Amino acid sequence: MSTKETSDTDVRLLDLHPPMGDFSEDVLRGLTASEKSLSPKYFYDLRGSRLFDRITELPEYYPTRTELAIMESVMPDIAEQVGPEVSVIEFGSGSGLKTRRLLAGLKDPVSYVPVEISCEHLMAAARLIAAEFPHIEILPVCADFTRPFELPDPERMPLRNLVYFPGSTIGNFSRDEALQLLRVMHNEARPGGVLLIGVDLRKDPEILRRAYNDDAGVTAEFNLNLLRRINRELEADFDLDHFTHKAIWNESESRVEMRLISGKDQSVMVSGTSISFRAGESILTEYSHKYDEAAFGDMSAEAGFEVRSVWKDPDKLFSIQLLNRPV
Ligand code: AVJ
């Protein structure tokens, strides 16, 4: 694969040309399957990203504020355990508060390498971070982080790599996919490196039900926005008044499942293909797996990690875990 480095002010992009996952192909495959589904990665167009930001502020949606609060209180421990002069490799481009807190709290980090499939989002976020942290070398990589990718070499040699994957995004993946992703992170950590990961925990199902069915209806808007996006980008004609948001807790699979339910028998055109729905038929749009500490420990051990520390909030809603890749 050909690679390219472009200089953009003081931020150098390593563009590994991730294959443009074909939106229309994915959507049609998902909607013509016997169990209809759409990938949650398509939630985040401009409107979807704004709706997600609003979700993070909802009183019922505990993960974002809880993770940030844990980060605030344990950052000195993290810095101590991770040590100085690390290269931070973030899976996803975080211009968010958690990333800032991490970079500000570590001892003399040498570089920050955000990895994300959308080159535009990546560069916008990388420029913001570069302006805020002039002493850290910012080396964005445009790549699909679910597959192994090449890392850029910082000018200063880091003492170790710290892979960062906040937000419990790991929860969106099936167990097999999550294990595969942990293996990629294990590879990018290099021997002696670490993974710092946000993992949402199993809890009272009523707390979960409320977190994914908020009273203000923002999560419903966020879910329905996927259909709005398909209408706009794929010349489809979903009638948003005839689909409703639903999120349920699946105990045996230990996950929240988000769906859009058809309110009646109806047909929808998507990119020239007619899709029919029975009344009550649903489209699966997202899994959000919740782990207990032991289950996540088993999975990370299978990927080659050793658990170094697990930090939780006082109510044990959320965890931040530091995993070692042994030398
Ligand atoms: C960003 C994947 C962690 O699963 O809680 C929020 C997305 N979906 N409300 C989650 C989401 C519905 C969120 N993650």
Side-chain angles (χ1 to χ4, degrees), residues 37-71 90-99 114-118 121 125 145-146 164-175 177-178 181-182 185 196-229 243-250 253-261 282-291 296 313 315 317-321:
S37 69
L38 292 167
S39 169
K41 71 179 175 204
Y42 294 122
F43 279 138
Y44 302 92
D45 63 353
L46 185 61
R47 191 164 179 275
S49 300
R50 289 193 176 139
L51 285 164
F52 180 68
D53 288 345
R54 281 176 60 200
I55 288 176
T56 66
E57 319 238 290
L58 292 168
E60 300 98 328
Y61 192 76
Y62 63 86
T64 310
R65 78 173 62 88
T66 308
E67 184 176 24
L68 191 56
I70 301 170
M71 214 51 193
E90 179 162 351
F91 278 45
S93 67
S95 57
L97 287 170
K98 289 167 264 181
T99 302
V115 185
E116 123 113 66
I117 198 156
S118 156
H121 288 172
F145 64 58
T146 64
Y164 188 44
F165 195 42
S168 200
T169 307
I170 192 82
N172 272 179
F173 297 85
S174 71
R175 210 201 119 90
E177 293 166 340
L181 186 52
L182 285 167
M185 293 191 278
L196 186 68
I197 184 168
V199 182
D200 199 8
L201 300 172
R202 280 180 71 105
K203 59 184 59 65
D204 178 356
E206 190 50 25
I207 296 177
L208 292 168
R209 194 194 58 74
R210 281 202 296 270
Y212 292 84
N213 295 281
D214 63 282
D215 286 341
V218 183
T219 308
E221 267 304 306
F222 174 72
N223 200 1
L224 283 162
N225 184 60
L226 197 44
L227 302 185
R228 199 186 291 269
R229 178 178 189 181
F243 286 87
T244 52
H245 161 76
K246 189 178 178 187
I248 59 119
W249 169 245
N250 181 332
E253 299 291 339
S254 196
R255 66 189 177 209
V256 173
E257 299 175 354
M258 250 178 30
R259 291 192 166 76
L260 291 162
I261 318 282
S282 68
I283 309 169
L284 173 71
T285 53
E286 184 175 54
Y287 289 146
S288 192
H289 290 81
K290 309 302 171 187
Y291 289 94
F296 195 78
D313 56 295
D315 298 324
L317 296 173
F318 199 93
S319 68
I320 294 179
Q321 311 207 6

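This structure is a prediction, so every number in the text was calculated from the model and none was measured. Sequential numbering from 1 along the given sequence is applied to the chain's residues. Atoms within a ligand are numbered from 1 in the order they appear, just like the ligands themselves.
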Participant: Given Glu286, Lys290, Glu67, Met258, which has its nearest heavy atom closest to atom 7 (C) of ligand 1?
Facilitator: Glu286

Participant: Look only at interatomic distance and state if Thr219 has a nitrogen or oxygen under 3.5 Å from any nitrogen or oxygen of ligand 1.
Facilitator: no

Participant: Polar contacts were defined as any N/O atom of the residue lying under 3.5 Å from an N/O atom of the ligand; does this apply to Thr169 and ligand 1?
Facilitator: no

Participant: For atom 14 (N) of ligand 1, what's the nearest protein heavy-atom neighbour? Residue, atom name and distance, please.
Facilitator: Tyr61 OH, 4.2 Å

Participant: In terms of side-chain geometry, is the basic nitrogen of Glu57 or Arg54 positioned less than 4.0 Å from the acidic oxygen of its partner?
Facilitator: no

Participant: Heavy-atom contact under 4.0 Å between Tyr44 and ligand 1?
Facilitator: yes

Participant: Is there a donor-acceptor contact under 3.5 Å from the side chain of Asn213 to the main chain of Lys246?
Facilitator: no

Participant: Hey, is Tyr62 touching ligand 1 through its side chain, its backbone, both or neither, going by heavy atoms under 4.0 Å?
Facilitator: neither

Participant: Side chain or backbone, does Ser288 bring an N or O within less than 3.5 Å of an N or O on ligand 1?
Facilitator: yes

Participant: Side chain of Asp214, backbone of Thr219: donor and acceptor closer than 3.5 Å?
Facilitator: yes

Participant: Quick check: does any side chain N or O of Asp45 sit under 3.5 Å from a backbone N or O of Gly48, one acting as donor and the other as acceptor?
Facilitator: yes

Participant: Please work out whether any backbone atom (N, CA, C, O) or any side-chain heavy atom from C-beta onward of Phe52 is under 4.0 Å from ligand 1, and answer side chain, backbone, both or neither.
Facilitator: side chain

Participant: List the closest protein heavy-atom neighbour of atom 3 (C) of ligand 1: residue, atom name, distance to the nearest 0.1 Å.
Facilitator: Gly167 O, 3.0 Å

Participant: Taking atom NE2 as the centre, does His121 end up with more than 12 heavy-atom neighbours from other residues, nucleotides or ligands that are less than 6.0 angstrom away?
Facilitator: no

Participant: Regarding Thr285 and Asn223, is there a side-chain donor-to-acceptor distance under 3.5 Å anywhere?
Facilitator: yes

Participant: For ligand 1, find out whether one of its N or O atoms is nearer than 3.5 Å to an N or O atom of Ser168.
Facilitator: no

Participant: Below 30° counts as parallel, above 60° as perpendicular, anything between as tilted: where do the rings of Phe145 and Phe91 land?
Facilitator: tilted

Participant: Need the ligand 1 atom indices (1-based, order shown) with element for anything under 4.0 Å from a heavy-atom of Asn172.
Facilitator: 2 (C), 4 (O)

Participant: Between Thr64 (side chain only) and Thr56 (backbone N and O only), is there a donor and an acceptor less than 3.5 Å apart?
Facilitator: no

